[in-house]
Amino acid sequence: MGDSHTFNTKTLASMFALVDCNNFYASCERVFQPKLRNKPIVVLSNNDGCVIARSNEAKPFIPMGAAAFEYKEIFEREKINVFSSNYALYGDMSNRVMTLLAEFSPDIEVYSIDEAFLKFEGFDAHFDLNEHGKQIRYRVTKGTGIPISVGIAPTKALAKVANKIAKKFSERTGNVYVINTDEQRIKALKWLLIGDVWGVGRQHEKRLEKLGVKTAYDFTLLTEQWVRKNMSVVGVRLLLELQGKSVLEMDVPSSKKNIACTRSFDKNYSDYETISERVATFAVTCAAKLRKQKSCCNAIMIFIHSNYHRKDLPQYSKNIVINLPFPTNSSIELAQFAAIGLKKIFKKGIAYKKAGVIVMNFTPEAIQQTTLFETSNPKHKPIMDVMDSINKSIGKIKIKLASQDPDRTWKMRQEKLSPRYSTRISEAIKIKA
DNA sequence: TCTGGGGTCCTAGGACCC
DNA sequence: TCTGGGGTCCTAGGACCC
């Protein structure tokens, strides 16, 4: 006997599902090497710097963000399989997962590379949400090999909570959990620590704990005024959502408002030539991303950092924002402005470890207005089109500006890179005849 | 020797305008 | 005792996310 007798067949309010991939990067690596099933895996950041993903088996031994060089011995001792990050593979796998998820609702919000919200509407009271979640999980796992968890609830924030429970108690839930009644909601929130709530970071956690707020449930008992004053409207929305009132709608995918390309270097560099080549390349990458979403930027920021882990060396960190005289997405122009900015902030005698370019304040390419005196050079447009099409067909950045190093393909340290199984024919798995 | 790379939203306060 | 009153735009900084 369920409590179905309390419902009739009238349509229920809408429900949200949060679907996310378990240990996504590690799972991607495992898809193509089934012998790694149940084996510990970690994936490293760029330059093989630190750990950014762990399989469940690796979690007891390796904290998130661990510096790879500090854990070398533990990797060996625990026989942990170590991979350099392979974003081409993860991006491709992500697309496959999202495509399958879209079969289950026309209303889907891709929230990150490994997460999506789905909204369900118009089902009746007899509809079995748990069974529906199970079907989603089956479809994705069977179709991609990536294991997922599904949380379903009347609000987005509660769907996040349900998802945590689905994952945490996977043996009992089968990685699917539904919060539907108020009893379930309260029980779940009493279990969830305040610091683990979506939208509560370190700062808010500290303040809330001081106030005696230990769990998500405690939080829902606070007054709206207090939350408003101390956590802004963002906090109020969270409060309402956790109380069961849906205020966060599905976001429509929109163009990016900032685009960044920043990197740590494989080692420290002090010479101007190296840094300026890197910055030019970052600017070119930003320009290409701008053109892809048909935007022009009106400002560009350049920053450089010394290595802040080296307390023994002089520290220096500086950024500069250049407001452009006209909107542009030309690689040539953005590289030029980036060079001007770098000249202003570059200081000699510093060991630089990181630099980046961020473009901001976009206007659509189509309505790019011409100012009276200074305009983006229209001759660049066809050149950029050719650059983009050639680079696209080759698949790697091949056409470069003179300010970029023509000979050297900048190497990240990627000693443990897996093949690009899903994106390169030549590296695809060989199938025996 | 070695420690990631992206993003978003909100608010307060100053500049400026009438 | 007294120093107007709005409004808008912009920016820096804080907080959070994956």
Side-chain angles (χ1 to χ4, degrees), chain A residues 18-25 42-53 62-73 75 82-87 90-91 94 109-117 156-157 160 163 194-208 227-238 248 251-269 282 285-286 289 293 298-299 301 303 305-313 319-321 323 351 353-362 412-416:
Chain A
L18 177 72
V19 180
D20 83 341
C21 302
N22 303 343
N23 316 317
F24 183 54
Y25 297 169
V42 298
V43 178
L44 305 180
S45 65
N46 284 341
N47 288 317
D48 293 345
C50 60
V51 173
I52 55 170
I62 311 292
M64 193 61 175
F69 74 95
E70 287 178 352
Y71 280 81
K72 227 169 186 164
E73 283 163 24
F75 290 158
V82 181
F83 291 90
S84 302
S85 44
N86 184 343
Y87 289 105
Y90 311 148
S94 174
E109 174 190 339
V110 177
Y111 184 70
S112 75
I113 192 166
D114 73 334
E115 266 180 68
F117 286 100
K156 282 174 126 183
K160 273 271 186 184
N163 180 283
I194 188 64
D196 293 333
V197 174
W198 183 43
V200 176
R202 297 301 299 262
Q203 303 307 317
H204 289 332
E205 180 188 9
K206 246 188 272 172
R207 183 133 29 112
L208 287 165
V227 175
R228 161 93 225 185
K229 192 168 163 228
N230 292 278
M231 299 172 71
S232 85
V233 299
V234 181
V236 174
R237 279 183 209 137
L238 179 63
L248 294 177
D251 269 345
V252 286
S254 65
S255 304
K256 298 238 188 314
K257 293 168 184 169
N258 292 300
I259 289 173
C261 182
T262 72
R263 288 288 179 283
S264 296
F265 307 143
D266 57 339
K267 55 181 180 132
N268 298 333
Y269 290 93
F282 298 157
T285 302
C286 286
K289 291 183 186 172
Q293 70 164 46
N298 289 274
M301 180 170 100
F303 72 80
H305 286 314
S306 57
N307 187 342
Y308 56 85
H309 293 289
R310 293 288 299 273
K311 306 277 189 246
D312 54 320
L313 297 176
N319 72 64
I320 183 170
V321 175
N323 290 307
K353 176 65 179 168
K354 181 170 181 173
V357 172
I358 302 170
V359 289
M360 302 171 296
N361 191 4
F362 299 163
M412 273 192 297
R413 256 201 322 260
Q414 284 190 317
E415 291 171 1
K416 318 273 191 181

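FYI, side chains are in, hydrogens and waters are out, and symmetry mates aren't considered; it's all heavy atoms of this structure. Note on naming: letters A, B, ... go to the chains in the order of the sequence lines (proteins, then strands), and numbering restarts at 1 for each one.
- The phosphate of B:dG6 (OP1 or OP2) has a side-chain N or O of A:T262 nearer than 4.0 angstrom.
- In this structure, the CG atom of A:N258 is 19 Å from the P atom of C:dC16, given to the nearest Å.
- For the pair A:N47 and B:dG4, the criterion of a side-chain N or O lying under 4.0 Å from OP1 or OP2 is not met.
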A:Y71 and A:V51: CA distance, side-chain angles, deciding distance, side-chain contact (heavy atoms from CB on, under 4.5 Å) verdict: CA-CA 10 Å; A:Y71 280 81; A:V51 173; 6.0 Å; no
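- Across every non-hydrogen atom of A:S45 and A:I52, the tightest pair is CB-CG2, 3.8 Å.
- Distances were taken from every side-chain heavy atom of A:N46 (C-beta onward) to each of B:dG6, B:dG4, B:dT8; the shortest belongs to B:dG4.
- At a threshold of 4.0 angstrom between heavy atoms, the contacts of A:I259 are confined to the sugar-phosphate backbone, with no base atom among them.
- The distance between atom CZ of A:F282 and atom C1' of B:dG6, rounded to the nearest whole Å, is 13 Å.
- Comparing A:R228 and A:N268 by the nucleotide of DNA chain B whose heavy atom lies nearest to each, the residue mapping closer to the 5' end is A:N268.
- A:D48 comes within 4.0 angstrom of nothing in the nucleic acid, heavy atoms only.
- At a threshold of 4.0 angstrom between heavy atoms, the contacts of A:V197 are confined to the sugar-phosphate backbone, with no base atom among them.
- Between A:R237 and B:dC10, a side-chain N or O to OP1/OP2 separation shorter than 4.0 Å is present.
- Remark: B:dC18 base-pairs with C:dG5; criterion is Watson-Crick or G-U wobble with both hydrogen-bond distances under 3.5 Å.
- Side chain of A:R310, nearest nucleotide from B:dG7, B:dG4, B:dC2: B:dC2.
- Both A:V233 and A:K289 lie close to DNA chain B; mapped to their nearest nucleotides by heavy-atom distance, the more 5′-ward contact belongs to A:K289.
- Side-chain proximity of A:R263 to B:dG7, B:dG5, B:dT11: nearest is B:dG5.
- Distances shorter than 4.0 Å separate none of the side-chain N or O atoms of A:K72 from OP1 or OP2 on B:dC2.
- For the pair A:W198 CH2 and B:dT8 P, the computed distance is 15 Å after rounding to whole Å.
- Relative to the side chain of A:E115, the nucleotides B:dG6, C:dC18, B:dG4 differ in distance, and C:dC18 lies closest.
- Atom P of nucleotide C:dC17 and atom CD of A:E109 are separated by 15 Å, given to the nearest angstrom.
- In this structure, A:R207 contributes its side chain and A:N230 its backbone to a donor-acceptor pair below 3.5 Å.
- Atom CG of A:N230 and atom C1' of C:dG14 are 14 Å apart (whole Å).
- Of the candidates C:dC18, B:dC9, B:dG5, the closest approach to any side-chain atom of A:K160 belongs to C:dC18.
- Of all non-hydrogen atoms in A:E205 and A:V200, the two that sit nearest each other are N-CG1, 3.8 Å.
- For A:Y111, taking side-chain heavy atoms from C-beta onward, the closest of the listed nucleotides B:dG6, C:dC17, B:dC10 is C:dC17.
- In this entry the distance linking CZ of A:F24 with P of B:dG6 reads 18 Å, nearest Å.
- Rounded to whole Å, the distance from CZ on A:R202 to P on C:dG14 is 17 Å.
- Residue A:S232 places its side chain closer to B:dC10 than to any other of C:dC18, B:dC10, B:dC2.
- When the C1' atom of C:dC18 is taken as reference, atom CG of A:D251 falls 15 Å away, rounded to whole Å.
- Here the shortest heavy-atom pairing between A:F362 and A:I259 reads CZ-N, 3.7 Å.
- Minimum heavy-atom separation, A:V357 to A:T262: N-CG2, 4.2 Å.
- Contact annotation: A:S264 side-chain N/O to B:dG5 OP1/OP2 distance is under 4.0 Å.
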